[in-house]
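Each chain gets a letter, A, B and so on, in the order the sequences are listed, and its residues count up from 1.
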Amino acid sequence: MSNIDLDNLNEEQKKAVLYNEGPLLILAGAGSGKTKVLTTKIAYLIEELDISPYEILAITFTNKAALEMRERVDKMIGSVAKYIQISTFHSFGLKILRENYDKLGYSNNFVIMDSDDSLTIVKKILKNLNYDPKIYNPKAIRNKISNCKNELISPKDYERYIASDYENVVSEVYYKYEDKLKKNNAMDFDDLLLLPITLFRKHPEVLQRYQERYKYILIDEYQDTNEAQYILSKMISAKYKNICVVGDADQAIYGFRGANYKNILNFEKDYPNALSIKLEQNYRSTKTILDAANCVIKNNEKRKEKNLWSTKGEGDKITYYRAYDEKDESHYAAMEIKKLLDSGKDASDIAILYRTNAQSRVIEEELLKDNIPYRIVGGFSFYQRKEIKDLLAYLKLIFNPKDDVSFLRVINTPKRGIGLRTIEHLTEKADKEGISLFEAIDGGKEEKFKDLIISLQKVAESVTLTELIDKVLDSTGMKAELESEKSIESEVRLENLEEFKSITKAFEERMGLVSLEDFLYEVSLVNDKDEYKDSRHKVSLMTIHSVKGLEYDIVFVLGLEEGIFPHRNSLMSASETEEERRLCYVAITRAKEKLYLLNARRRVLFGEDSINPPSRFISEIDESLIDSNTKKTEEVKHINKEDVIRDEDVDYKVGDYVVHEHFGAGKVVDVTNSLVSVAFKHPYGVKKLMKNHKSLTKV
DNA sequence: CTGCGTGGCATTTTT
DNA sequence: TGCCACGCAG
């Protein structure tokens, strides 16, 4: 009769799928099949209850999760899935704003500032006000402003609670910051949540339209919603109250970003007639892994008891390895992975998790040495590269010349002899007349720049996006500058720009002809282009925050040391330490079959040796679950090392061409005692390698 | 105005 | 360790 199979759901899951009129709370423990429930529910609404896909709004935590959810629904009910609004809160907010910008006093070419742009603005404001950035940390202030916006605290509201000089400065900056965004016809990330709420409060008739349209609302990872997201979902669901939220308070890990896990605890108070369903059967992990997770999480005081159970067997014990230092730690992981791969495991079933992005480098180096293919999820994105940001700034400026941040980024890129003095002049004039920097240009060598942008605006009207990019690279001199530089660095940059063009091309093919506008809005929200990259047969490396919602057969958690994980900055507050513990819970519960917990006796931090005791989370795990055999592994390490190391060093010079077994051809850019830095083709980039490693040959 | 050298300082986690 | 801000010379 239909493609929706309810028989492979358990009773509770089935109940959750079938209950669709009125508020529903699904408390879904780790690995309890909540994505399956959500996707089946959506399919059921459309296929069985004949609900139009246009009337369904599904909110996920990341763009990747949205993509995956759409694919899974598509598999069940086919291509109508594309009409469902499945997105993150931020993209949904942007959609609303693109439909209503005028009612908030913006014009149609508003731009989105990323958090780097926000920081730039804050820095500039502090400078203008003559505040010492050493006392008034720009990042801290930006975060403070962001938190305010996520809690719907306006500059006016904030001003009322000022209790110190410091807060006074924050208040002053906050006012100016908001002012600056508005003048630039720009919004920041937080505005994408905040402004829709402002809109709905000012224009109830607009809100009504959205309430009428989205009759069925589903929200995933509800424990990580912040105040703005909470209010927004409440507003839109207020009429029909068909709101289904899914989450697990034990997995709340975004408190630092203003998320409030109490939103999920309070759901039944918000909706007294809500049905609440608990999914407690874990289908993912072995009993050993689940037990370990429970051992850790039960140490949190502020927590509701929960009873996750599994029918899977005991499985392997957890391996705990206390390494000598961070290199040894990574090396141990690499050796274990090698064994796993040799025994037939696929690399894509293995993940290495860590607390901070900075830890990834050492791990990468070890994996490189041992020729283990990997990919990094999240982390430093393609879009944060200088040349890409420059190009994007040009595109943004073409789209919206009032964008002063982009203006300042490119006015002298490449060098046009426009320096500080000119800019000061321009700023003064712009401030006095209340216009943008671009508009303030009147004569001088800046005039040429103005003409350039204006002519590119004309070009933009008649060519495709990819053609426009070519034009920008040519006419601004960006390309010429990089080509004349003839360094490895500049070659890599040129390749990145080419890669960027292939992204826009793919975008154009996927969506038909695409406007600059559509593209800019898309890239402003998707910062991890590697998501599209091939992940087959590669070990995944990522922070624990990034691994949320994913699962792997084999999981390595590294850096389990006091000060690293739990992170030192969290140790001052009990609630933050509890969040670290939830993070640990998330890490452990990602593993299906086998878990490795690693740490290092000593580790180089800030270029200094530091010695850290093992993480408290290790001692919280029952000893009977752990198999600790450090000695044995140290022997393994020794034997394996000889397999891959040559006896004598090869003499490398900068400029030499080399071939690597995995990365292919490359050029030597730097040489130290035992290491060479080699620039490989995209996507590999510059890698540090051991001179005497077998995988590398001089040509 | 640009380029280079020095010294101080910092790293949590991300839509 | 490596990045950024600042100061100085050309």
query = Would you say the side-chain atoms of A:Tyr585 and A:Glu580 include a donor-acceptor pair closer than 3.5 Å?
reply = no
remark   = Residues in residues 223-232 of chain A with a heavy atom under 4.0 Å of DNA chain B, by number, are none
request  = Output the single nucleotide from B:dT15, B:dT14, B:dC1 whose closest atom is nearest the side chain of A:Tyr254.
outcome  = B:dT14
request  = Round to a whole Å and report the spacing from OH of A:Tyr383 to C1' of B:dT15.
outcome  = 16 Å
message = Quick check: on DNA chain B, is the nucleotide nearest A:Glu576 upstream (toward 5') of the one nearest A:Lys445, or the reverse? Name the residue that is more 5'.
response = A:Lys445
message = Quick check for you: among B:dG3, B:dT13, B:dC1, whose closest atom lies nearest to any side-chain atom of A:Thr422?
response = B:dC1
query = Are A:Arg361 and C:dG2 close enough that a side-chain N or O sits under 4.0 Å from OP1 or OP2?
reply = yes
task = Could you check how far OH of A:Tyr354 sits from C1' of B:dT13, rounded to whole Å?
result = 12 Å
ask   = A:Ser91 near the nucleic acid: base, sugar-phosphate alone, or nothing, with a heavy-atom cut-off under 4.0 Å?
value = nothing
query = Quick one: A:Asn150 CG to B:dT15 P, roughly how many Å, whole number?
reply = 14 Å
query = Under 4.0 Å between a side-chain N or O of A:Ser115 and OP1 or OP2 of B:dT14?
reply = no
query = A:His90 side chain: which of B:dT13, B:dT2, B:dT15 is closest?
reply = B:dT15
task = Please confirm whether A:Arg582 makes a cation-pi placement over A:Tyr261, using NZ or CZ under 6.0 Å from the six-membered ring centre and within 45° of the ring normal.
result = yes
ask   = Quick one: is B:dT14 close enough that its OP1 or OP2 comes under 4.0 Å of any side-chain N or O from A:Ser546?
value = yes
request  = Please say whether the positively charged group of A:Lys396, taken as NZ for Lys or CZ for Arg, lies over the ring of A:Phe407, i.e. under 6.0 angstrom from the six-membered ring centre and within 45 degrees of the axis.
outcome  = no
ask   = Looking at residues 557-569 of chain A, who's got a heavy atom less than 4.0 Å off DNA chain B?
value = A:His567, A:Asn569
inquiry  = Mind checking if A:Lys123 touches a base, just sugar-phosphate, or nothing, with heavy atoms under 4.0 Å?
reply    = sugar-phosphate
request  = Let me know the distance between CD of A:Glu446 and P of B:dC1, rounded to the nearest Å.
outcome  = 10 Å
message = Can you tell me which residue among A:Val547, A:Leu353, A:Ile544, A:Thr543 is in a side-chain contact (heavy atoms from CB on, under 4.5 Å) with A:Leu583?
response = A:Ile544
key: Close side-chain approach of A:Tyr596 and A:Val557, heavy atoms under 4.5 Å   = no
key: Side chain of A:Lys127 (C-beta onward), nearest among C:dC6, B:dC1, B:dT14   = C:dC6
task = Give a yes or no on this: more than 12 heavy atoms of other residues, nucleotides or ligands lie within 6.0 Å of atom NZ of A:Lys548.
result = yes
inquiry  = Once you measure the plane-to-plane angle for A:Tyr106 and A:Phe110, does it fall in the parallel (<30°), tilted (30-60°) or perpendicular (>60°) bin?
reply    = perpendicular
ask   = Side-chain N or O of A:Asn357 less than 4.0 angstrom from OP1 or OP2 on B:dT13?
value = yes
inquiry  = Closest approach to the side chain of A:Leu420, judged atom by atom: which nucleotide of B:dT2, B:dT15, B:dC1 is it?
reply    = B:dC1
message = Both A:Leu193 and A:Ser570 contact DNA chain B. Taking the nearest nucleotide for each, which residue is further toward the 5' end?
response = A:Ser570
ask   = Reckon A:Asn143 has a side-chain N or O less than 4.0 Å from the OP1 or OP2 of B:dT14?
value = no
ask   = Nearest-Å distance, NZ (A:Lys124) to P (C:dA5)?
value = 11 Å
message = In terms of relative ring orientation, are A:Phe61 and A:Tyr254 parallel, tilted or perpendicular, with 30° and 60° separating the classes?
response = tilted
note = Side-chain contact check for A:Phe256: nearest option of B:dT2, B:dT14, B:dT15 is B:dT14
message = Once you apply a heavy-atom cut-off of 4.0 Å, does A:Phe89 come out as touching a base, just sugar-phosphate, or nothing?
response = nothing
Could you list, one pair per line, each protein nitrogen or oxygen that sits under 3.5 Å from a nitrogen or oxygen of nucleotides 6-9 of chain B, together with the distance?
none

task = Mind calculating the distance between CD1 (A:Ile253) and P (B:dT14) to the nearest angstrom?
result = 9 Å
request  = Please determine, for the side chain of A:Thr88, which listed nucleotide (B:dT2, B:dT15, B:dT13) has the closest atom?
outcome  = B:dT15
message = What is the separation between atom CZ on A:Arg421 and atom P on B:dC1, rounded to the nearest whole Å?
response = 5 Å
